[in-house]
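Below is one structure, written out as structure tokens, with a few remarks after it.
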Amino acid sequence: MSLLTELSVLVGSAFAAVGVDASLGSVVVSQRPDLAQFQCNGAMAGAKQLGKPPRDLADEVAKRVESDPRIRAVEVAGPGFLNIHVTDELLAQWMTSTAGDEHLGLYQSNDPMMVIVDYGGPNVAKDLHVGHLRPHVIGESLKRVYRAAGHDAKGDIHLGDFGLPMGQLIAAIAESHPDLPYFDEAATGPFPKESPVTVEDLQVLYPEASGRSKAEPEFQAKAQQATVELQAGRAGYVALWEHFRSVTLESLRAIYARLGVNFDLWLGEASTGDRLEPLVELLQERGVAVESEGAIVIHVTTDEDKKALPPLMLRNSRGGSTYATTDLATIQERVEEFHARAIVYIVDLRQSLHFEQVFRAARLGGIADDSVQLIHAGNGTVNGPDGKPFKTRDGGLPRLSGLLDETVALARTRLDENELALELPDDERDEVIRLVGMAALKYGELSNHRTTNYSFDIERFTQLQGKTGPYLQYVAVRAQSILNRAAEQGLEPGTFLPPSNDKERTLILSLLAWPEVVERTLETLSPNVIAEYTYELATAFNQFYDACHIMREADAAVQASWLGLVSVSRLVLVRALDLLTIEVPDRM
RNA sequence: GCCUUCGUAGCUCAGCUGGAUAGAGCAUCGGACUUCUAAUCCGACGGUCACAGGUUCGAAUCCUGUCGAAGGCGCCA
């Protein structure tokens with residue numbers, strides 16, 4: 001329950017009483033704060049149903065609503081807007097219940113779902129680059145939002161550890177180090193525990209091998225052969241592949257620790273290996289998968305399509321699986337083993353067609369029925385500050401780890417320049433700088449809508465003022481600082497009094513809007529809704545802070561109520577930032 | 001060629017699924033510190049929402065077309 005729901009119920013019953021649908025009574029935060037706190041636009045639509053002028057209907061509803069003791073005033077404006085003001089007492093009541101609620105008013109789903117959030121998808125042997133930032137941060141955020149709404153969400157890294165690239169690596173190493181035991185066809189193991197290659201080696205090897213594969217048909221054939229044998233379970237190849245996987249994961253874990261990204265499942269494409277054959281057979285039995293031009297495909301076009309979609313390639317003409325196959329098998333795995341009721345993919349929008357094919361195939365083949373939501377929550381691309389695709393001077397993509405270093409270094413420069421946090425011990429200050437850097441980066445990322453192609457401008461993101469991560473951390477820390485100071489004087493947050501000025505009212509209204517913010521984030525699957533909100537809340541708090549000098553307040557009851565406001569403001573802000581994967585230091 | 005997404009202030013972006021006078025940040029100009037952390041707050045300037053039609057009480061939002069941008073289009077992932 002939230003204040004908005006309570007009001008919607010009230011206004012809805014008034015609509016029902018005059019003979020139209022109660023759902024017309026949906027109350028939203030006013031778009032004109034100068035005119036009202038809340039508004040309802042239902043009269044315009046309802047008037048059509050009743051065949052009477054909207055203002056007449058609005059007047060009737062207003063009359064019923066304004067007699068309610070919780071309502072201070074209702075006005076009808078324009079074509080039939082209901083402008084609603086609630087009593088200050090109601091606001092105080094809601095602050096009391098919000099402060100006493102461990103979820104701070106957030107709806108907890110009464111039908112919790114198992115949600116698998118698939119984000120990241122880094123590839124074995126490839127370093128993370130700037131482009132990986134988006135899905136990782138958005139995915140981690142959405143996973144937390146699902147949890148905050150009472151769902152059981154798991155993040156799956158879905159490692160790219162399958163297919164031709166693996167064969168290319170094996171073929172390359174077979175050429176450069178033919179004496180290694182992994183290449184003895186008869187060998188069954190055990191093989192050395194130590195990896196023959198480091199992750200750095202792989203990062204050099206992979207682009208080479210991939211390039212050669214395109215240019216040299218002979219090498220390509222070897223790579224394809226190795227891929228097939230690896231998938232068939234040749235012991236030496238499997239052992240070598242496991243090394244690729246483990247050295248890659250080790251380096252990934254380090255960077256995820258810095259980023260604050262946590263996966264619950266460390267599965268990959270290859271973990272579906274045992275499912276591929278039976279899946280293809282099953283889909284053939286069901287008549288969904290058919291032979292075409294030497295391959296096995298699933299036709300996914302429907303009559304409603306303007307243009308035929310390419311069929312999903314289940315097995316290519318060489319007998320190999322594609323990533324469509326593994327993605328389909330992964331859906332099966334998630335449904336059967338994890339009982340997923342929603343699978344959310346945070347993957348580049350450019351893969352839209354692929355997911356459309358896979359989702360349709362999953363429905364057609366009965367892999368996931370309609371009780372399982374399949375969602376491609378695609379993300380846009382990252383551009384450089386010039387608005388063009390992000391590239392380094394040599395044309396490559398900047399490495400993510402380097403980018404993190406750069407960001408933290410810039411955060412340090414900012415703090416140094418402004419002579420901030422100088423009183424902190426060195427190690428604490430270092431940690432603050434790290435958190436400030438990460439906040440800058442993540443807020444810069446998440447304040448954009450998920451689908452936009454945004455300009456990555458670290459100079460702008462690390463600004464300490466304006467709509468940035470560091471600003472939001474600062475506000476939360478400032479709130480904490482007041483609470484600390486109050487506690488030193490033995491002052492505690494107390495009973496919420498009805499607000500006595502507009503800054504206070506605005507702050508309370510902002511705090512009480514939090515449940516709908518999370519709700520809407522879940523509807524749009526875009527964390528920028530929360531990012532936008534944190535800035536609004538922070539601004540409302542700062543205005544309150546500016547207008548109401550808490551420590552200097554003479555009236556002890558008012559002071560205690562204000563301290564309560566500070567406390568809840570800080571809690572909501574910190575919670576909201578946590579959903580954006582942003583951490584707030586104790587002081588800064 | 002076909003399909004998809006996008007085009008909002010000088011710059012970077014929001015815009016709560018069709019509502020009132022389209023909002024922020026940055027930049028520019030001006031104001032507020034004997035401070036509960038000024039990393040703040042207040043004000044000013046800045047828009048034919050790419051363009052043209054249409055749908056209706058009402059359109060940045062929905063439909064059609066034009067121009068422009070990015071991306072995708074069976075055996076890579």
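Since the structure is predicted, the reported quantities are computational estimates derived from the model, not experimental observations. Note on naming: letters A, B, ... go to the chains in the order of the sequence lines (proteins, then strands), and numbering restarts at 1 for each one.
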Please determine, for B:rC49, whether a Watson-Crick or G-U wobble partner exists with both distances under 3.5 Å, and give it or none. none
Taking the C1' atom of each, how far is B:rU61 from B:rA14, in whole Å? 14 Å
Compare the ring of A:Y535 with the six-membered ring in the base of B:rG25 and state whether they stack (centres under 5.5 Å, planes under 30°). no
What nucleic acid atoms does A:T524 come within less than 4.0 Å of, heavy atoms only: base, sugar-phosphate, or nothing? base
Choose from B:rG19, B:rU12, B:rA24 the nucleotide whose nearest atom is closest to any side-chain atom of A:Q31. B:rG19
Which residue lies more 5' along RNA chain B, comparing A:Q543 with A:N41 via nearest heavy atoms: A:N41
Where the side chain of A:Y454 is concerned, which of B:rC13, B:rU40, B:rA77 is the nearest nucleotide? B:rC13
In whole Å, what is the span from the NZ atom of A:K52 to the P atom of B:rC57? 18 Å
The nucleotide from B:rU40, B:rC13, B:rA20 with an atom nearest the side chain of A:Y474 is B:rU40
Would you please say whether a donor-acceptor pair under 3.5 Å links the side chains of A:Q351 and A:Y345? no
Inter-nucleotide C1' distance (B:rC2, B:rG74), Å rounded: 16 Å
Looking at the side chain of A:V477, which of B:rG19, B:rA14, B:rU37 is the nearest nucleotide? B:rU37
Quiz question: by atom type and distance under 3.5 Å, do the side chains of A:N83 and A:R32 form a donor-acceptor pair? no
Does A:F544 have A:K503 sitting over its ring (NZ/CZ under 6.0 Å from centre, angle to axis within 45°)? no
Taking atom P in both B:rC45 and B:rC29, what distance in whole Å separates the two? 16 Å
Once you round it to whole Å, what is the distance between P of B:rC16 and CD1 of A:I530? 16 Å
Is any side-chain N or O of A:Q39 closer than 4.0 Å to OP1 or OP2 of B:rA20? no
Touch check for A:L309, heavy atoms < 4.0 angstrom, all strands: base, sugar-phosphate only, or nothing? nothing
Round to the nearest Å and state the distance from A:R520 atom CZ to B:rA14 atom C1'. 10 Å
In the strands shown, is B:rG43 matched to any nucleotide by a Watson-Crick or G-U wobble pair with both distances under 3.5 Å, and which? B:rC29
Does the side chain of A:E516 pick up a donor-acceptor pair with the side chain of A:Y107 at under 3.5 Å? yes
Considering Watson-Crick and G-U wobble pairs with both distances under 3.5 Å, what does B:rA59 pair with? none
Under the salt bridge (Lys or Arg N to Asp or Glu O under 4.0 Å) rule, what do A:E459 and A:R414 come out as? Steps first, then yes or no, please. CA-CA 10 Å; A:E459 291 285 341; A:R414 298 264 190 253; 3.2 Å; yes
Take the protein atom CD1 of A:I458 and the nucleotide atom P of B:rC26, then report the distance between them rounded to whole Å. 17 Å
Looking only at the side chains, is there a donor atom on one of A:Y471 and A:N542 sitting less than 3.5 Å from an acceptor on the other? yes
Touch check for A:D34, heavy atoms < 4.0 angstrom, all strands: base, sugar-phosphate only, or nothing? base
So A:H354, base contact, sugar-phosphate only, or nothing? Heavy-atom distance under 4.0 Å. nothing
Heavy atoms under 4.0 Å, any strand shown: does A:N83 hit a base, just sugar-phosphate, or nothing? base
note: A:K467, atom NZ; B:rC41, atom P; distance rounded to Å ~ 13 Å
Scan nucleotides 68-75 of chain B nucleotide by nucleotide, 5' to 3', and note B when protein non-hydrogen atoms come under 4.0 Å of the base, S if they reach only the sugar-phosphate, - if neither. ---SSSBB
Measure from the ring center of A:H449 to the ring center of A:Y454 and say whether it is less than 6.0 Å. no
Can B:rU66 be described as syn, meaning its chi torsion is within 90° of 0, or is it anti? anti
Give a yes/no answer on whether the side chain of A:S213 brings an N or O atom under 4.0 Å of OP1 or OP2 in B:rC76. no
Strictly below 4.0 Å: does A:N542 bring a side-chain N or O up to OP1 or OP2 of B:rC41? yes
Using O4'-C1'-N9-C4 for purines and O4'-C1'-N1-C2 for pyrimidines, with syn meaning within 90° of 0, is B:rG74 syn or anti? syn
Atom CD of A:E516 to atom P of B:rU17: distance rounded to whole Å? 12 Å
What's the gap between B:rG54 and B:rA60 when it is taken at their P atoms, as a whole Å value? 15 Å
Quick check for you: among B:rG19, B:rU37, B:rA39, whose closest atom lies nearest to any side-chain atom of A:M44? B:rG19
Classify the nucleic acid contact of A:C548 as base, sugar-phosphate or nothing, counting any heavy atom under 4.0 Å across all strands shown. base
For A:N528 and B:rC13, what is the distance between atoms CG and C1' respectively, to the nearest whole Å? 10 Å
Quote, to the nearest angstrom, the C1' distance that separates B:rC67 from B:rA52. 11 Å
Compare side-chain N and O positions of A:Y471 against OP1 and OP2 of B:rU37 and report whether any pair is under 4.0 Å apart. no
May I have the step-by-step check of salt bridge (Lys or Arg N to Asp or Glu O under 4.0 Å) for A:E423 and A:R429, ending in yes or no? CA-CA 9 Å; A:E423 69 286 1; A:R429 188 163 190 268; over 6 Å; no
Who does B:rU12 pair with, Watson-Crick or G-U, both distances under 3.5 Å? B:rA24
Check whether the side chains of A:E488 and A:N484 place a donor and an acceptor atom closer than 3.5 Å, and report yes or no. no
Which whole number of Å gives the distance between the P atom of B:rC6 and that of B:rG10? 23 Å
RNA chain B: 5'-proximal contact among A:T326 and A:F38 (nearest heavy atom): A:F38
C1' atoms of B:rA69 and B:rA50, separation to the nearest Å: 11 Å
With rounding to the closest Å, how many angstrom separate the P atoms on B:rC49 and B:rU8? 12 Å
Return yes if the base of B:rA77 and the side-chain atoms of A:Y323 contain a donor-acceptor N/O pair under 3.5 Å, otherwise no. yes
How long is the line joining CG of A:N448 and C1' of B:rA24, in whole Å? 13 Å
Please classify the nucleic acid contact of A:A77 as base, sugar-phosphate, or nothing, using heavy-atom distances under 4.0 Å. base
May I ask you to verify if any side-chain N or O of A:N484 is less than 4.0 angstrom from the OP1 or OP2 atom of B:rU37? no
Where A:A377 and A:R450 come nearest, the two heavy atoms and their spacing: C-NH1, 3.2 Å
Could you tell me the Watson-Crick or G-U partner of B:rU4, where both distances fall under 3.5 Å? Say none if there is no partner. B:rA70
Is there a donor-acceptor contact under 3.5 Å linking the side chains of A:S210 and A:S213? no
